[in-house]
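Below is one structure, written out as structure tokens; the observations come after it.
None of these values were measured; they are calculated from a predicted model. A note on names: the letters A, B, ... follow the listed sequences, proteins ahead of strands, and every chain is numbered from 1.
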Amino acid sequence: MLELTTLLSFGDNGWGDELLKGLGVTLVLAFATVPFALIFSFLVAWVKECPNRPLRIVGNIYTTVFRSLPEILTLIIIYYQLQSFINSLTSAIMPNFSVSISPFAAGMVALTLVYSALGCEIVRAAYRAVGKGQVEAAYSVSLSRSNAFFYVILPQMWQHMLPAFGNLWLLLLKGTSLVSIIALNDIVRYTNMAIATTKEPFFFYSVLALVFVLLAFISGKAQTAIEKRANGNMVRER
Amino acid sequence: MEYPQVNENPGEMVVSISGLNKWFGDLHVLKNIDLEVAKGERIVIAGPSGSGKSTLIRCINFLEKYQQGEIVVNGITLTDDHKTIEEVRREVGMVFQGFNLFPHLTILENCTLGPIRGFKLNKEKASQTAMHFLEKVNIPEQANKYPGQLSGGQQQRVAIARSLCMNPDVMLFDEPTSALDPEMVKEVLDIMVDLAKEGMTMLCVTHEMGFAKEVADRVIFMDKGQIVEQNKPVEFFTNPQHERTKLFLKQIL
């Protein structure tokens, strides 16, 4: 047992610092993806609800594609294909210009695409749950469309969205592990490196599992706190 | 009880509707509606469900689009331009069947949101106005509660105060008492009677025929998207002209 814990020590003999670094990358990737995924969720939801039919079709194709593709496939396409695709496009105009997508950026883009396709359905459902009556009441007191959205509709959407978004956040945390496949040094990749060197798969996978369980636990606590805050004002109908 | 009669000077029209037609898909829900509402006039619109009465008043503040016709509110001709629509909505207060208060805001904030965001009134002034109208509907003590803590009757009175805070020139009531428990109907109707007494121009879609008899200057009967008959309440109830009106009155009275 003592022998095993030294494997987690910091410094040259242990993997503690590497794993921590990997955890950092995992968390930074997840947190960096959240704002983009959130904004895209709203944008795609808006596109899918707008009166313009061609735009709606584009929105539907987007969600159908990125919900159906395995995340790993999306990731691989973004990382390996998008780069050469962009470069082949630009080479005609600017021969000396070439783009290279870092694994981190590719991961962010892929995760944003996948999770906004899922998130937009949450946004749409919440918008509908708030109800038309609220929009009409807002209009009837002469609010503009944007004021009606930001002061009346959006504050009420959170209570419908937060439970589902909490779920999606956990999926996203786990989803980051796929990025280890395209050579991003996240916690999963470091774990695999540690196992390759030490031949202690059971121990390191257990540690990894514990880390993810712990992250989920903390996320759950945070979600409860946020929900409480968002619902604080909403007193249920008698 | 005597109320001041209809404005005898018909020059000042708050709402004039001409040749209004509306379709929901193939369904022709409003057919050639012409309606002039004078300043201070109290109109009750009655009719069976599906007759288009709610749709008609919802067209006045453009909650419903319409395909043909013209609506002029206080000299502003309604178009589908957002600026114009917002301008018209400032002149028109509306009270809904389901109250539609904003559940995430206090009673006071419900009343001030429109004035603060809609016409950039400062918060203090808006709160003063709101308290004035909350007193008028007899619930100033609830100002800091949330809608969910109030009874239906109280919520509807708040909804009336919320509309009044915009200082509208005409108030639309869309079956304001239909969603209420019977014992709460009166407290809402009393407020509406008070408003009528003060000379507010009102268009009420309601099944409260007692209210119509007491305060209306004119009762309009609609069926299948048309105005079938309109008359002063006394004549309307005692001497209806059309078969359809007679049938309707027999069923509800």
Handout entry: More than 12 heavy atoms from other groups under 6.0 Å of NZ on A/Lys132
Key = no
Handout entry: Side chain, backbone, both or neither of B/Leu101 within contact of chain A (heavy atoms, under 4.5 Å)
Key = backbone
Handout entry: A/Arg145, CZ atom: more than 12 neighbouring heavy atoms under 6.0 Å
Key = no
Problem - For chain A, which residues of residues 50-84 of chain B have heavy atoms nearer than 4.5 angstrom - result: B/Arg58, B/Asn61, B/Leu63, B/His82
Fill in the blank from the handout: Of B/Gly118, B/Cys165, B/Gly93, the largest count of non-hydrogen pairs under 4.5 angstrom with chain A goes to B/Gly118
Handout entry: Distance-only polar pair, side chains of A/Tyr151 and B/Arg117, donor-acceptor under 3.5 Å
Key = yes
Handout entry: 4.5 Å side-chain heavy-atom contact, B/Arg89 and A/Ser140
Key = no
Problem - Residues, nucleotides or ligands: over 12 heavy atoms within 6.0 Å of A/Phe85 CZ - result: no
Exercise for the section: Compare every heavy atom of B/His104 with every heavy atom of A/Pro155, then report the nearest pair and how far apart it is. Expected result: CB-CD2, 3.4 Å
Handout entry: Heavy-atom contact with chain A under 4.5 Å, split by part of B/Phe102
Key = both
Handout entry: Any side-chain heavy-atom pair of B/Glu87 and A/Ser142 under 4.5 Å
Key = no
Exercise for the section: Rounded to the nearest 0.5 Å, what's the gap from CG on A/Asn147 to CD1 on B/Ile116? Could you check? Expected result: 11.5 Å
Handout entry: Residues in residues 169-178 of chain B that sit under 4.5 Å from chain A, counting heavy atoms only
Key = none
Practice task
Would you list the pairs meeting salt bridge (charged side-chain N to carboxylate O under 4.0 Å, His left out) in which at least one residue belongs to residues 127-153 of chain B, sequence neighbours left out?
Solution key: B/Lys136-B/Glu198
Exercise for the section: Indicate yes or no: at least one non-hydrogen side-chain atom of B/Leu113 is less than 4.5 angstrom from one of A/Val141. Expected result: no
Practice task
To the nearest 0.5 Å, tell me how far B/Glu86 CD sits from A/Tyr139 OH.
Solution key: 9.0 Å
Compile the donor-acceptor pairs under 3.5 Å between side chains in residues 22-40 of chain A and protein atoms, sequence neighbours left out, one pair per line.
{"residue": "A/Thr26", "atom": "OG1", "partner": "A/Gly22", "partner atom": "O", "Å": "3.1"}
{"residue": "A/Thr26", "atom": "OG1", "partner": "A/Ile187", "partner atom": "N", "Å": "3.2"}
{"residue": "A/Thr33", "atom": "OG1", "partner": "A/Leu29", "partner atom": "O", "Å": "2.6"}

